[in-house]
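The structure under discussion appears below in the form of structure tokens.
Just so it is clear: chains get the letters A, B, ... in the order the sequence lines come, proteins before strands, and each one is counted from 1. Here the structure is a predicted model, which means the values were calculated and not measured.
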Amino acid sequence: MKQHIAELIEAALAQLKQDGILPGELEPTIMVENTRDKSHGDFASNIALTLAKPARSNPRQLAEKLIAALPESAQVDRTELAGPGFINFFMNDASTQAVIGEVLAQGAQFGLAKAPRGQRVQVEFVSANPTGPLHVGHGRGAAYGAAVADLLQAAGIEVEREYYVNDAGRQMNILAASVWLRYLERCGQTLTFPSNGYKGDYIHDIAAGLYDDVADALNRPAADVFADIPADEPAGGDKELHIDALIERAQTLLSADEYRRVFDAGLNSILADIREDLGEFGIQFQHWFSERGLTSSGDVDRALASLQEKGHLYEQDGNIWFRSTAFGDDKDRVVKRANGQTTYFASDIAYHMNKFERGFDKVINIWGADHHGYIVRVKAAIQAMGYDPDKLEIKLVQFAILYRGQERLAMSTRSGSFVTLRELRDEVGSDACRFFYVTRKADQHMDFDLELAKSESKDNPVYYIQYAHARICSVQGKLTEAGWQWNQANGLINLNLLETEHEKDLITKLTKYPEIVDNAALNFEPHLLANYLRELASDYHTYYNAYKLLIEETDLRDARITLSQAVRQVLNNGLRLLGVSAPEQM
RNA sequence: GCGCCUAUAGCUCAAUUGGAUAGAGCAACGCCCUUCUAAGGCGUAGGUUCCAGGUUCGAACCCUGGUGGGCGCGCCA
């Protein structure tokens, strides 16, 4: 409909150019906006305001001339000059009501792009280190990333969802050492667990599983394990040196294969858990991309060679540095240490090279806000390798702080006292989690109140929206009980009977849905859809309370139920895009 | 110290990305169930959009300078 109005304005502009009122070379972009206030009509254009200066004319006079030059349209009831020079368009009821037929005809397809946009994007999200279960902080990134990916797909873009698995590096070795030490305890030995190890209960479970598989084949005397190991922090030493020495010791006392066995026991078990957790959260990834694979495939070497060849690497103090300052970074970054080991950043460079080689039109990374310091250097590397850094879109997700009523819940991964995503889902349900996580703009800090998410009342937007859906479904049941039938065709013919303000508002709201989906997708802002659904549900509850649907007059009854069914369909479509279920009864 | 995010009603947040009179929900107060789910609805009240300048037809939004909050500033991952 906006398109239609833009065409009308374009025709008017052409007319004015022909009449010599506007300079012929003017090529303005025509903006048609939804009005905030319905007394301003359905749509408004600010074209006269933007053209006033180049046309050397007063905006209101120009608007008047434009209105006079607008072609007739069957859809537009009337136009009006308002305020400083806005042109307001009032659509006629029939053209607005047509949306109901569209919704019912298209069903689950309503709101999806009519044609593919011919773009392929990758969305990488969650990508939590596989050193423990996902916690509530990952939950927001998960819900946000999934919603963005689903929205982009709805907007006609081909989407690949990817999880980058950090299965290499020191943290993973700490995990392996933690598992091994718990396993040694399982074998009956007594030892002092390192303060810097992973202490969660899941480590015990993994160790128990390992013991079930290999019995005491990987057992070594604790005395040997701890012989000459530098003291841990509680004993007055350095916890980092302590754990590193333990890792090295594990690698000495165990053969390479044996160490790998322990390492993989931790990695695989945790990855499986994460995968299951996300699956239950309604999130599927097409690819689980292994960091370790980047080294074995030679991508890391290739990425560094590429930088080397273009003259962006140099050697100092035995380390190899990437001159990222040439691309706006505050300092250069080491990519290869003097001992020959590449850094995590080198893997990241290789990973992004790999992404770009896969030929996506856009690569979207969803990161926790604590990673913002990496944006500049990653973009620097991309540019240095000769790729377009603007194709990489990095969305930062701010932290969510959990509250139980007034009480603020603490989180700390190492101490094992964190709230996991699974615990959160068990407590408030996946639906509420998915919805709450995306009701706020991603770059907005948010408070997540467990009590509210659990409450089954209108205070809780998830239940409020789901209830609107269930209400409509229940009307269908009552209809049959009353011995009536809903005749959709008859309802569609009689839409003109829906002439109350409530009904008009509701129908207008339905017409906005496709645009909301598009906006939410292209701006990576699922909260727009969440807010829209709340408004639509609110409009429906208002309507439901104001009028009775099950009435004697067949035509009006059919029209009202037809409208209700269209609302139900849109609620269903919208909730599904956010990964929230639309129950038929509650 | 430097960088990124942020500041809107008592609280949690919106504002169609620069549009007209800044909107919702909580909380407060007053109403509506012999009527399709009261798991709901109606109404009242609540604002110098952190401060000071600037840009323009027009600013919560853009620019400059402050102030408060969050996060980051490893050859860790």
Select base, sugar-phosphate, or nothing to describe what [X] touches, counting heavy atoms under 4.0 Å on all strands.
X	answer
A/Y344	base
A/N319	base
A/K548	base
A/N523	base
A/R337	base
A/N88	base

Enumerate all atom pairs, one protein N or O and one N or O from nucleotides 26-34 of chain B, separated by less than 3.5 Å.
residue	atom	partner	partner atom	Å
B/C26	OP1	A/K458	NZ	3.3

Are OP1 or OP2 of B/A38 and a side-chain N or O of A/Y464 less than 4.0 angstrom apart?
->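 Answer is no, no contact under 4.0 Å.
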
N/O donor-acceptor pair, side chain A/D370 with base B/G72, under 3.5 angstrom |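 Under the 3.5 Å cut-off, the side chain and the base do not form any donor-acceptor pair.
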
With no angle test and no hydrogens, is the base of B/U6 tied to the side chain of A/D443 by a donor-acceptor pair under 3.5 Å?
->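 By the distance-only test, no, there is no pair.
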
Using the purine O4'-C1'-N9-C4 or pyrimidine O4'-C1'-N1-C2 torsion, is B/C26 syn (within 90° of 0) or anti?
->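 You should classify B/C26 as anti.
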
Rounded [atom1] spacing from [N] to [M] in Å:
N	M	atom1	value
B/A52	B/A59	C1'	15 Å
B/U55	B/G74	C1'	42 Å
B/G30	B/C13	C1'	26 Å

Using whole Å, report how far NZ of A/K53 lies from C1' of B/U55.
->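 It is 11 Å, rounded to the nearest whole Å.
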
Rounded off to whole Å, could you give me the NE2-to-P distance for the A/H541 and B/G40 pair?
->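 Rounding to the nearest Å, NE2 of A/H541 and P of B/G40 are 7 Å apart.
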
N/O to N/O distances under 3.5 Å, protein versus nucleotides 13-15 of chain B:
residue	atom	partner	partner atom	Å
B/C13	OP1	A/H445	O	3.0
B/C13	OP1	A/D447	N	3.2
B/C13	O2'	A/R440	NH1	2.5
B/A14	OP1	A/K441	N	2.9
B/A14	OP2	A/Q444	NE2	3.1
B/A14	O2'	A/N531	ND2	3.2
B/A15	OP1	A/H527	NE2	3.0
B/A15	OP2	A/K441	NZ	3.2
B/A15	O2'	A/R36	NH1	2.3

Toward the 5' end of RNA chain B, which comes first, A/N519 or A/H372, by nearest nucleotide?
->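 Upstream on the strand: A/H372.
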
Taking for each residue the nucleotide of RNA chain B bearing the nearest heavy atom, is the 5' side occupied by A/D332 or by A/S39?
->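 So the residue in question is A/S39.
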
Kindly point out which of B/G40, B/G19, B/U16 is positioned nearest to the side chain of A/N46?
->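 Taking heavy atoms from C-beta onward, the closest nucleotide is B/G19.
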
Under 3.5 Å, which N/O atoms of the protein pair with N/O atoms of nucleotides 62-64 of chain B?
none

